[in-house]
Structure formats: C-alpha cells, structure tokens
Undergrad: 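First the structure, which I've put down as structure tokens, then a few questions once you've had a look.
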Amino acid sequence: MDYTLKRSKRRKTVAVKIAQQQLTVYAPHYVSQQHIHEWLLSKESWINAQLNKQSQQAETRQFPMRSGNCKLFAETLVINFIKDTKTQWQQDPSTGALTLSLSARVKNKQGNYQHLLESFLHSQLESYIEMRVSDYCQQMGEALPALIRIQIYKRRWGSCNRKRELTFNLHLASAPTWVIDYVIVHELAHLKYLNHSMQFWHHVAKFYPEYKKASDWLKDQGASLQWVFE
Ligand SMILES: [Zn+2]
C-alpha cells in the first residue's frame, strides 16, 4: 500500500485520509512504522472500498466518457466522444459508428455532447420522415403537409393542427421504422379527421392495417426510447 506518512507530536491516535485517490496516514511521533503498517492492513478492505468509490466518482465527473451507444431506428450505434478542433458529428459510412467531437474550448461537455447527439438523430429522423411522408401522401391521396417539425415531446409521439403542420417526437429516431411509419400514417390521417373518431381509425387501418400492434409497441416500449447521458 502506498501512502504518505505525516507524524505529529500532538497527535494521540493513528488516522487515515483518502483524497484524490491518495492515502495519507497521520500518526503520533512515537508509533512505529511496523505498527502503522499493521494498522493499515487491518483497514485494507475499507481503504480499497473508499479508493474504488473515489475513482468511480472521478470517472463520472470527468465527462466525456470515451464511448457509449444509442439506438437509431432500433439498431445500436456505437458513439465515440472526442476532443477536436471542431464541434461536429460524423458517422462512419462502413461501420455506422458515430463520432461526436467537441472543440476543447467548449464548456459544459455533457450538455454539448447531448446536443450533438440530438442534432444527429434529428437529421436522420427528418430525412426518414420526409421520405415516408411523401410516399404515404401519394398512397392516401393527400397533399403534402404545410410543415414538418421535429421536437422533443414528453407525452406524445406526434401532432397535427388545422394549419396542416405535423410535428414528430425526436425520440422516435430510436424506434423501429415500422413503428415510425405508424405514427406518420396516424398524423397524416389527422389531415382528414382532426379527431380520434371511428372514421379516423378506419382511415388509419386502410393504410396501416397493423396499427394496433404499433401503438401497443409505443405503449410498452416508448419510455425506453429516451437517451440521456447519465
Ligand atoms: Zn392522434
């Protein structure tokens, strides 16, 4: 065991302090080295537990972690966190691995990595939704919506208003595409029926027959779609 020994004339007992993963032993001047060593051995498991706890705390404080993962369209993506000259996300075209880089000057690393991840997922979800909306609009004989927005919602997957503006929950980016398709058909059906009437559900079923399965999936698994670095 490595430690720094500090002796003092006024001290009556042996004590140990653990800070920044360093061990310091305080002892009265008359206590022998041998005695201190034995005393430390008797406390070894407690000391190791403290050192472990401190190193774990140091790791969580030293965000970024070097790597992590998230789900995109229900597939696990590896995320690498790096410091670089630029703040940006990049996706490896062959492995799909995502690299989030922050400039060394950026403060609040955790918040900014989260922000970068969200901007990546936003762009992936947006291009998927735009493509599927135009497919389904053709099938459903519907004109394109006035606007498609993506934002984080706590309690809904999508919305549609009288101005024909559709909004989708960013957390859908982690869901399987067949579930996202259901939310798209659901919101597009609201362009015709701004309610959840029988006719509305009939319209949904016509273009997405397994709507029950998809909406059950969201009820069961929806809460697992959120990503937070904590
Ligand atoms: Zn609805």
Side-chain angles (χ1 to χ4, degrees), residues 68-79 88-89 91 96-98 100 110-230:
N69 58 63
C70 77
K71 284 211 157 115
L72 173 64
F73 304 140
E75 304 224 1
T76 301
L77 278 195
V78 173
I79 310 175
Q88 62 180 6
W89 59 261
Q91 196 183 14
L98 179 66
L100 303 180
Q110 183 160 345
N112 280 288
Y113 275 121
Q114 172 108 16
H115 192 73
L116 270 181
L117 178 61
E118 285 173 7
S119 97
F120 166 76
L121 293 168
H122 189 289
S123 78
Q124 306 300 302
L125 181 63
E126 186 173 54
S127 47
Y128 181 78
I129 287 179
E130 276 173 2
M131 172 187 86
R132 299 302 279 159
V133 162
S134 87
D135 289 348
Y136 277 118
C137 277
Q138 270 190 350
Q139 289 180 42
M140 297 165 83
E142 197 64 67
L144 285 173
L147 182 73
I148 296 174
R149 226 185 337 237
I150 289 166
Q151 67 181 65
I152 292 181
Y153 278 133
K154 283 218 169 108
R155 278 182 197 84
R156 62 209 311 198
W157 298 109
S159 71
C160 174
N161 64 22
R162 282 180 201 287
K163 291 186 271 176
R164 299 178 62 87
E165 297 169 337
L166 303 190
T167 308
F168 294 92
N169 190 332
L170 179 58
H171 290 130
L172 284 171
S174 298
T177 50
W178 62 269
V179 171
I180 305 174
D181 287 352
Y182 155 70
V183 180
I184 292 171
V185 171
H186 181 119
E187 299 311 330
L188 288 175
H190 278 315
L191 293 175
K192 213 179 218 87
Y193 305 97
L194 258 181
N195 52 44
H196 292 115
S197 60
M198 290 275 281
Q199 292 107 307
F200 166 81
W201 286 111
H202 189 73
H203 193 57
V204 170
K206 210 153 115 194
F207 301 98
Y208 197 100
E210 298 215 73
Y211 70 92
K212 187 84 179 65
K213 191 177 147 201
S215 90
D216 285 348
W217 190 97
L218 283 170
K219 272 180 212 133
D220 297 343
Q221 314 279 327
S224 72
L225 296 178
Q226 304 197 15
W227 55 84
V228 183
F229 297 138
E230 267 175 349

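Ligands are counted one by one from 1 in listed order, and the atoms in each one are counted from 1 as well.
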Undergrad: Pick one: which of Leu116, Leu172, Ile150, Leu72 meets side chain to side chain contact (heavy atoms under 4.5 Å, CB included) with Leu121?
TA: Leu72
Undergrad: Can you tell me if Met131 has over 12 outside heavy atoms packed within less than 6.0 Å of its CE?
TA: yes
Undergrad: Give every protein N, O or S atom lying under 2.8 Å from the Zn ion (ligand 1), naming each by residue and atom.
TA: His186 NE2, His190 NE2, His196 NE2
Undergrad: Please check if atom CD in Gln151 has more than 12 non-hydrogen atoms from other residues, nucleotides or ligands closer than 6.0 Å.
TA: yes
Undergrad: Report yes if the distance between the aromatic ring centroids of His122 and His115 is under 6.0 Å, otherwise no.
TA: no
Undergrad: With a sphere of 6.0 Å drawn around NE2 of His202, does it hold more than 12 non-hydrogen atoms of other residues, nucleotides or ligands?
TA: no
Undergrad: Charged N to carboxylate O under 4.0 angstrom, Lys213 versus Asp216?
TA: no
